[in-house]
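This report concerns only the one structure given below.
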Amino acid sequence: AMEKSYVSLLLLLVAVSCALAKDAGKKDAKETTAKPKLPQTLSRGWGDQLIWTQTYEEALFRAKHSQKPLMIIHHLEECPHSQALKKVFAEHKDIQKLAEKFILLNLVYETTDKNLAPDGQYVPRVLFIDPSLTVRADITGRYSNRLYAYEPSDISLLYSNMQKALKLLKTEL
């Protein structure tokens with residue numbers, strides 16, 4: 001009887017590894033047809049097709065030199081509010097399209113720049129910085145106690161705030 005259970009366990013392991021390999025194969029095939037992109041680690045799930053910067057310093061440099069606004073998302077992997085916002089952000093086609101006009105950065109740690117926490121260090125929070133490297137503290141969400149927080153239900157407000165960050169740019173430059 002002992003031998004029989006080993007055999008069934010072995011079969012189970014084989015089945016599991018085949019399923020994993022099959023998924024991995026499918027994923028590779030899809031990625032070769034898509035345009036080459038940075039490792040998904042930089043997007044952390046906020047938009048795998050988008051180009052994300054690695055550091056705050058790099059993001060500031062790119063914003064200044066490309067004359068594009070910078071959008072910074074502070075979040076934490078273990079925060080359910082961050083996860084919920086990430087899901088709607090990543091699945092929102094218009095936001096993903098509009099995001100291509102920004103220099104993008106998502107951070108799971110705080111920077112030493114106090115300007116990125118105008119009303120405290122909480123997650124998720126989204127801030128915009130214009131190419132003159134000024135934090136756009138005027139582009140806020142709907143919560144007075146956490147000005148830069150967005151809930152999944154605020155996704156259309158976040159979208160219009162992204163448009164605002166781009167629009168003011170055109171009039172000021």
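We use all heavy atoms of the structure for the numbers below, so side chains are in, but hydrogens, waters and symmetry mates are not. Counting from 1, the numbers follow the sequence of the chain as shown.
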Do [X] and [Y] come within less than 4.5 Å of each other through their side chains, counting heavy atoms only?
| X | Y | value |
| --- | --- | --- |
| Lys101 | Lys68 | no |
| Ile129 | Ile72 | yes |
| Ile139 | Tyr148 | no |
| Ile103 | Ser66 | yes |
| Trp52 | Arg44 | no |
| Leu166 | Phe102 | yes |
| Val126 | Met71 | yes |
| Leu157 | Ser160 | yes |

Just how far is it from atom [atom1] of [X] to atom [atom2] of [Y], taken to the nearest 0.5 Å?
| X | Y | atom1 | atom2 | value |
| --- | --- | --- | --- | --- |
| Asn161 | Ser156 | CG | OG | 10.0 Å |
| Leu107 | Leu116 | CG | CG | 8.0 Å |
| Asp113 | Glu57 | CG | CD | 9.0 Å |
| Ile155 | Tyr150 | CD1 | OH | 9.5 Å |
| Trp46 | His75 | CH2 | NE2 | 6.0 Å |
| Leu70 | Lys64 | CG | NZ | 13.5 Å |

Hey, does the side chain of [X] reach the backbone of [Y] with a donor-acceptor pair shorter than 3.5 angstrom?
| X | Y | value |
| --- | --- | --- |
| Gln83 | Glu77 | yes |
| Thr53 | Leu104 | yes |
| Thr140 | Leu147 | no |

Should [X] and [Y] be counted in the same cluster of Ile, Leu, Val, Met, Phe, Trp and Tyr side chains packed under 4.5 Å apart?
| X | Y | result |
| --- | --- | --- |
| Phe89 | Leu127 | no |
| Val123 | Val88 | no |
| Leu105 | Val108 | yes |

Give a yes-or-no answer on whether the side chains of Asp130 and Ser132 include a donor-acceptor pair shorter than 3.5 Å.
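A donor-acceptor contact under 3.5 Å links the two side chains.
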Is there a donor in the side chain of Tyr159 and an acceptor in the side chain of Asp94, or the other way round, less than 3.5 Å apart?
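Not at all, the side chains of Tyr159 and Asp94 share no donor-acceptor pair under 3.5 Å.
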Find out whether the Lys NZ or Arg CZ of Arg125 is both under 6.0 angstrom from the six-membered ring centre of Tyr122 and within 45° of the ring's axis.
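Geometry flag: set, cation within 6.0 Å and 45°.
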What closest approach, in Å, do [X] and [Y] show between heavy atoms, and which atom pair accounts for it?
| X | Y | answer |
| --- | --- | --- |
| Ala90 | Gly45 | CB-O, 3.4 Å |
| Pro131 | Ala63 | CB-O, 3.6 Å |
| Leu98 | Gln163 | CD2-CG, 3.6 Å |
| Asp119 | Asn145 | OD2-O, 4.0 Å |
| Ser43 | Asn106 | O-ND2, 3.1 Å |

Pair Arg142 + Asp154, salt bridge at N-O below 4.0 Å:
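Yes.
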Is Lys86 paired with Glu91 through a side-chain N to carboxylate O contact shorter than 4.0 Å?
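Salt bridge flag = no for Lys86 with Glu91.
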Is it true that atom [atom1] of [X] has more than 12 heavy atoms of other residues, nucleotides or ligands lying nearer than 6.0 Å?
| X | atom1 | answer |
| --- | --- | --- |
| Phe61 | CZ | no |
| Glu110 | CD | yes |
| His92 | NE2 | yes |

